[in-house]
A.B. asks: 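What follows is a structure written as structure tokens; I'll ask about it next.
Position 1 is the first residue of the sequence, and the numbers go up from there. Quick note: numbers below take in every heavy atom, side chains included, and nothing from hydrogens, waters or symmetry partners.
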Amino acid sequence: YLRTSNITSLNESYIFYEAIRGRQYFKSSRAKPEQRMTVLQKKLRFYARFVVVLLLKNYRALVWTLLGELTRLVEEYKTLDAFG
């Protein structure tokens, strides 16, 4: 959607990311301690990409919700990275 400027790709991306979030795809992952950092990095990438899609679609209310969740994940990442 960023490279092609195709609105259809943007809409499909929104549907895809919303489905992942709605199904709580990352919440069900019970990663082993040595895999927690990898799973957390995937979550951070997901949230960052979803926020970009929401900004492009001008869904500001949901952006603020996701930014709160993203901030919490960044803090969790910093504590894991400090001990990693």
Side-chain angles (χ1 to χ4, degrees):
Y1 51 86
L2 290 177
R3 287 185 221 150
T4 64
S5 299
N6 185 344
I7 194 71
T8 303
S9 297
L10 182 65
N11 290 332
E12 288 174 1
S13 296
Y14 170 75
I15 292 167
F16 176 73
Y17 290 133
E18 185 62 36
I20 289 172
R21 184 169 179 259
R23 293 179 184 143
Q24 299 180 344
Y25 176 77
F26 291 111
K27 205 167 226 173
S28 65
S29 67
R30 297 184 186 241
K32 298 175 185 174
E34 61 272 6
Q35 295 175 332
R36 284 182 65 207
M37 185 68 88
T38 304
V39 172
L40 192 53
Q41 289 169 344
K42 289 179 182 181
K43 285 182 188 179
L44 289 169
R45 271 194 305 273
F46 164 76
Y47 274 89
R49 290 174 179 163
F50 195 14
V51 166
V52 169
V53 167
L54 292 173
L55 286 170
L56 291 171
K57 290 185 68 66
N58 203 26
Y59 291 170
R60 305 282 181 200
L62 190 50
V63 167
W64 288 111
T65 303
L66 287 182
L67 284 177
E69 294 174 22
L70 182 60
T71 302
R72 184 186 54 77
L73 288 171
V74 168
E75 292 301 319
E76 182 180 345
Y77 182 81
K78 288 192 312 190
T79 58
L80 283 178
D81 194 36
F83 299 108

A.B. asks: According to the salt bridge (Lys or Arg N to Asp or Glu O under 4.0 Å) rule, which pairs have a member within residues 60-77, sequence neighbours left out?
C.D. replies: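 Listed once each, the pairs are Arg21-Glu69, Arg36-Glu76, Arg72-Glu76, Glu75-Lys78.
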A.B. asks: What distance do Leu62 atom CG and Leu54 atom CG have between them, rounded to the nearest 0.5 Å?
C.D. replies: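 Going from CG on Leu62 over to CG on Leu54, the span is 4.5 Å.
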A.B. asks: Looking at residues at least two apart in the chain, or sitting in another chain, which of them share a side chain to side chain donor-acceptor pair (under 3.5 Å) with Arg45?
C.D. replies: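 Applying side chain to side chain donor-acceptor pair (under 3.5 Å) to Arg45 gives none.
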A.B. asks: Taking ring pair (Phe, Tyr, Trp, His ring centres under 6.0 Å) as the definition, give me every residue that meets it alongside Phe16, ordered by chain and number, with sequence neighbours left out.
C.D. replies: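 Not a single residue meets the ring pair (Phe, Tyr, Trp, His ring centres under 6.0 Å) criterion with Phe16.
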A.B. asks: With sequence neighbours excluded, what pairs up with Tyr47 under the ring pair (Phe, Tyr, Trp, His ring centres under 6.0 Å) test?
C.D. replies: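 Partners of Tyr47 under the ring pair (Phe, Tyr, Trp, His ring centres under 6.0 Å) test: none.
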A.B. asks: Which residues pass the side chain to side chain donor-acceptor pair (under 3.5 Å) test with Lys57, sequence neighbours left out?
C.D. replies: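 Checked Lys57 against side chain to side chain donor-acceptor pair (under 3.5 Å); matches are Asn11.
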A.B. asks: Looking at CG of Leu73 and OH of Tyr77, how far apart are the two atoms once the value is rounded to the nearest 0.5 Å?
C.D. replies: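 Here the rounded value is 12.0 Å.
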A.B. asks: Test Val63 against every option in Thr65, Leu66, Leu67 by the side-chain contact (heavy atoms from CB on, under 4.5 Å) rule and name the one that passes.
C.D. replies: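 Looking at Thr65, Leu66, Leu67, the match for Val63 under the side-chain contact (heavy atoms from CB on, under 4.5 Å) is Leu67.
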A.B. asks: How long is the gap from NZ on Lys42 to CE on Met37, to the nearest 0.5 Å?
C.D. replies: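 Rounded to the nearest 0.5 Å, the NZ-CE separation comes out at 14.0 Å.
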A.B. asks: Measure the acute angle between the ring planes of Tyr17 and Phe46, then classify it against the limits of 30° and 60° as parallel, tilted or perpendicular.
C.D. replies: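 The arrangement is perpendicular - the two ring planes meet at more than 60°.
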